[in-house]
Amino acid sequence: MSTDQAPWHAAFPAPRTTAATLPRQELLQWLKEGKQPGKDFVLVDLRRADYEGGTIRGSLNLPAQSLYPTIPTLYKLLAASKVESVIWYCDTGSSAGRGTRAGGWFADYLQDQGETTLKSLVLEGGIKGWVAAGPEYTDLMDGYDASFWAKTTSA
């Protein structure tokens with residue numbers, strides 16, 4: 001019997017689409033201009049166990065491991081709102097990470113629905129990139145814990 005366990009995402013299809021990347025400076029600008037998460041756009045923090053250290057203010061926590069089956073419901077909620085963008089992020093924002101995968105899945109779903117007004121975007125650099133960009137960014141986090149980030153960046 002093998003002890004190798006398939007990665008969580010192996011249970012779901014690979015995304016067909018690569019979602020566009022949103023530079024963190026652009027998200028910062030939106031927030032400074034008074035655009036509101038939940039009203040103008042939706043921020044989705046895809047982390048599960050590594051949610052410690054804080055999250056970007058106004059984010060929903062929808063762990064990537066349970067996201068795929070909920071995409072149709074999420075789409076119905078967002079399509080009925082005035083939200084124009086969904087911004088996905090995980091810890092690193094790497095090309096093989098949760099943010100990229102979720103962004104692709106949602107972009108696939110939007111394409112399948114013929115949706116042209118709602119966008120699926122992946123936050124450049126993820127939460128680690130946001131934190132590393134300095135106080136201008138971390139001041140816009142809920143539950144920010146500098147000691148947590150000091151441990152993760154020095155390891």
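Values in this document were obtained by computation on a predicted structure and should not be read as measured data.
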| message | Can you confirm whether W130 sits close enough to I56 that some side-chain heavy atom of one is under 4.5 Å from a side-chain heavy atom of the other? | response | yes
| task | Take L27 and L43, measure what side-chain contact (heavy atoms from CB on, under 4.5 Å) needs, and give me the verdict at the end. | result | CA-CA 10 Å; L27 176 57; L43 274 169; 3.7 Å; yes
| request: Please report the closest heavy-atom contact between C90 and G99, naming both atoms and the distance. | output: SG-N, 3.4 Å
| field | Flag side-chain contact, heavy atom, 4.5 Å: L28 against L140 | value | yes
| note | Nearest heavy-atom contact between T70 and S66 is CG2-O, 3.6 Å
| message | Tell me the closest heavy-atom pair linking G104 and A19, and the distance in Å. | response | N-CB, 4.0 Å
| With side chains defined as the heavy atoms from C-beta onward, is the minimum distance between F106 and L118 less than 4.5 Å? | yes
| request: Only counting residues at least two apart or in another chain, list the ones meeting salt bridge (charged side-chain N to carboxylate O under 4.0 Å, His left out) with D142. | output: R57
| So do L123 and W88 actually touch side chain to side chain, heavy atoms under 4.5 Å? | no
| Pairs where residues 18-39 contributes a residue and the test ring-ring contact (aromatic ring centres under 6.0 Å, His included) is met, not counting sequence neighbours | W30-F41
| request: State, without any angle test, whether Y89 and S59 hold a side-chain donor-acceptor pair at a distance under 3.5 Å. | output: yes
| message | Please enumerate all residues that pass salt bridge (charged side-chain N to carboxylate O under 4.0 Å, His left out) together with D40, with sequence neighbours excluded. | response | none
| Do L46 and V44 come close enough that some side-chain heavy atom pair is under 4.5 Å? | yes
Tabulate below the donor-acceptor pairs under 3.5 Å that side-chain atoms of residues 75-86 make, not counting sequence neighbours, or state none.
{"from": "Y75", "atom 1": "OH", "to": "E115", "atom 2": "OE1", "distance (Å)": "2.8"}
{"from": "S81", "atom 1": "OG", "to": "L78", "atom 2": "O", "distance (Å)": "2.7"}
{"from": "S81", "atom 1": "OG", "to": "V83", "atom 2": "N", "distance (Å)": "3.1"}

| request: Kindly compute the distance separating NZ (K119) from CG (L22), expressed to the nearest 0.5 Å. | output: 9.0 Å
| task | Please list all pairs passing the side-chain hydrogen bond (donor to acceptor under 3.5 Å, both in side chains) test where one or both residues lie in residues 12-26, with sequence neighbours left out. | result | R16-D112, T17-D108
| field | Heavy-atom side-chain contact between Y144 and T55 under 4.5 Å | value | no
| query | Given D91, which of R47, K128, R98 fulfils the side-chain hydrogen bond (donor to acceptor under 3.5 Å, both in side chains) condition? | reply | R98
| task | Kindly compute the distance separating OG1 (T116) from CG (L110), expressed to the nearest 0.5 Å. | result | 9.5 Å
| request: Just jot down the ring pair (Phe, Tyr, Trp, His ring centres under 6.0 Å) partners of Y68, sequence neighbours excluded, or say none. | output: F12, W105
| field | Pair I127-M141, side-chain contact (heavy atoms from CB on, under 4.5 Å): steps then yes or no | value | CA-CA 10 Å; I127 189 76; M141 290 178 67; 3.8 Å; yes
